[in-house]
Each structure stands twice: as structure tokens, then as C-alpha cells.
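Only one structure is covered here, and it is reproduced in the block below.
Model, not experiment: these values are computed from the prediction. Residues take their numbers from the sequence shown, with the count starting at 1. Just follow the structure's listing: the first ligand is 1, and inside any ligand the first atom is 1.
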Amino acid sequence: MATTQVELASPPTQAPALETKHKLDYADIPVLDFSTFDQPGGKEKLAAQLQEAVELNGFFYIVNFGLSQDDLQRQWLLGKEILQLPMEEKMKFRAKLEDGDYNGYRPLGSIEQFPGLRDNWECYHVFKFNPEYQKEHPDIVKDHYAEIEKFHRFVHQDVAYKVLRLIATVLELPEDFMVNHHRYESSCSSFLRYMKYYPRTPEENDKYKHIYTRGHTDFGSVTFLFSQPIAGLELQERDGSWKAVRHIPGSIVVNTADMLHFWTNGYLASCMHRVVSPPPEQAHMERFGLIYFLRPNDDARLQTVDSPLLRRLGLLDKKEREELEAKRNVRVGDWVPIQTKKNWTPFDQQPQSQREFQSLFH
Ligand SMILES: O=C(O)CCC(=O)C(=O)O
Ligand SMILES: [Fe+2]
């Protein structure tokens, strides 16, 4: 059995790394307090905040979403333990990346970031706990399977469903419209990612232009990134400038992604974002990530939804809609592997701009 250096059954004692004191140029991102969700008028207020967020950059924070610091810390520690397994052990569980399948281990250096230069991150992905996604896992995952399932389901069925209900409210659609396209029990490639970036030397950082992950859009519907103290995440404002995303302890940084962009004909923004090397006092540190990527049911299609709001905004314009429908009459289940496989192509064939990321034919 894999050795567990941190006994996850006991309360975590490890102090989290401190937020950077470095003065970064931070983006303005609304904070949604989910403890108000079920209060009178709470949902409406949160929907208004979400609307403000999507009209800015499509990024917002959620706080008080119902998981304790201890729940979160255990997930961080688990991710650390999984990714510190020996490489040959992790490789036994490698995802079938060439088939566009992300379920399992995604090795360090899988992406050619610049010509001849590979990325500095690795991750372990856990798909949904439905029978069709079950596979072999390292002992450390198996030993904590019930706990991971609880976390996974909570993020999807509690946190994400709430966000989807707010999105439906903004679009003036029936409250469960979006939830029905993202049912946990249906087939879809939503997954939990435990991630680790390895620090680079100052010389390497210069060579890589300080890029840990190049600018990209996420291709699911919504991304839930558990905030962590090592800086580096940046979003691109509509004027093209890059702004840092501040760490808010205990929050989730949420961004709407390509599928919602398609469904709303661009109203729900899929914002370009990237990861750069952390500021000097954090540059030598490993940077861990805990992210839930939400994706719609495989059978969903990418056409614009008939929302009263979009109609009023002229985003259901007939000519445009017909053209889009023809282009986007593709199943999500077919689209996801195509997008996943783009990651493994040589540098000069990879999408660069937002348009290229979202192109069905790139
Ligand atoms: O690590 C981060 O802060 C962001 C990662 C990211 O954007 C992604 O994995 O899609
Ligand atoms: Fe991303």
C-alpha cells in the first residue's frame, strides 16, 4: 500500500502557505455569499451579482458554500499525497489522453508549451462516481474513495447546481433548466482535478516567458477552482490586459466556460485566463490545485438556448442563430474529446486565441 505521510483521518495540522505580499494588479471580481442562497430574496440578489460578474469577465468567487476548512484541507492533503507517489506508480493509472479521455493520471510535461518546451504540471483526475467511470486507482485514492465521492458529489450536486440555478434565473429560464443538462447521474465528463505545478528556476522562468499555463478558455460549462495562496492565476480583461486573481481563503474561484458561451451566444463569457510564475517569495514553491470542471450531459448540443433575455438582447437573431445551429449541432460527448486532444498536438497546431479555442473546426 502507498505510504501516507499525512494521516488524513486526523485533523490537518500543516499551516497553509501565506498569501503573497507582493503588489499585484488584481482584477475586480464579485464575491457571492452562498449562505444567503435560501434566505428570502437571497437567490435574486445572488443572480444579480452573477449577472454583474458575467457581464464583466465571467469570474466570480463563492464563499460560505457549505464545506468546512477541514473538508477542504483534507482534499488539499490528499492531492499532495496522490501526486507525490513515485512516477512509475502514477503512470500505472495514466489517462487515455490520446483518445481524448482525461480519467486518471495526466503526466508532467504532456503539453508542448513553447517549441521544444514542455509544461511543469501534472494532475490526477477523478471522474464521477457513476458505474461507467469506475477504474483502477492508486491505494491512496481507494483508501479515501468514500470521502472523495462525498466531496465530488457535494461540489456537483450542491455548489454547481446552485450556480446553474442562478444562471437559469439570469437567463429567465425555468430554474432547473441548466441543472437538467448537468445531472450527476447522467453521462458527462465532469471531473475533479488534483494538480501540482513544479517551481522553475529564474533561468527557466525567463526561457518560458514566466508562463506556467498559456492563455486559454476552459471548454466545459463552469470551472470551480478552490482558491489557494500561491499566486499566478490571471484573467484577461476585455481590453486585452491581464489581471491577477486574488486568493480569498476558503473561497471557490468560479468561471463560466465555452459551453455556456455557446449556449448563450457569447452572453455568458468564457474568459481567457492563464497561470504565470508566482512572485519572488513564492516562486520556489510547489503550487497545488484543486479544481472541479463541470461539463453538460454528453447528449446536450451546443446550440443557443431560447432565453427571453437573449431574445431581448438580440442574441437570438434569426440569421445568426441558423448559422450557429448548423455549426454547433454537435453532441457535447463528441466535442469534449476533440477539445481534449488539441492539448497534445505540437505547439504550432494548438489554438492560441479565444476564437481558436472555441472553434469547432480548428
Ligand atoms: O492553476 C490555476 O490557477 C488555473 C488552472 C487552469 O486554468 C486550468 O487548469 O484550466
Ligand atoms: Fe483554465
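Closest protein heavy atom to atom 3 (O) of ligand 1: R287 NH2, 2.9 Å. The single protein non-hydrogen atom nearest to atom 1 (O) of ligand 1 is Y197 OH, 2.6 Å, given as residue, atom name and distance. The nearest heavy-atom contact from the protein to atom 9 (O) of ligand 1 is R193 NH1, 2.8 Å.
Less than 4.0 angstrom separates some heavy atom of H273 from each of these atoms of ligand 1: 7 (O). Numbered from 1 in the order shown, with element, the atoms of ligand 1 that lie under 4.0 Å from a heavy atom of V275 read 1 (O), 2 (C), 3 (O), 4 (C).
With a 4.0 Å cut-off on non-hydrogen atoms, F219 does not touch ligand 1 at all. Residue contacts with ligand 1, taken as heavy atom pairs separated by less than 4.0 Å, do not involve T213 at all. At a 4.0 Å heavy-atom cut-off, ligand 1 touches L225 through the side chain alone.
By the 4.0 Å N-to-carboxylate-O rule, K128 lies too far from E185 to be salt-bridged with it. Taking the charged nitrogens against the carboxylate oxygens, D101 and K135 have no contact shorter than 4.0 Å, which rules out a salt bridge. Salt-bridge annotation for E203 and K207: absent, with no side-chain N of the basic residue lying under 4.0 Å from a carboxylate O of the acidic one.
Using a 4.0 Å heavy-atom cutoff, Y212 is absent from the residues neighbouring ligand 1.
Across all their heavy atoms, F93 and E136 have their closest contact at CD2-O, 3.4 Å.
Remark: K162 qualifies as a cation-pi partner of F37 under the 6.0 Å distance and 45° angle criteria applied to the six-membered ring.
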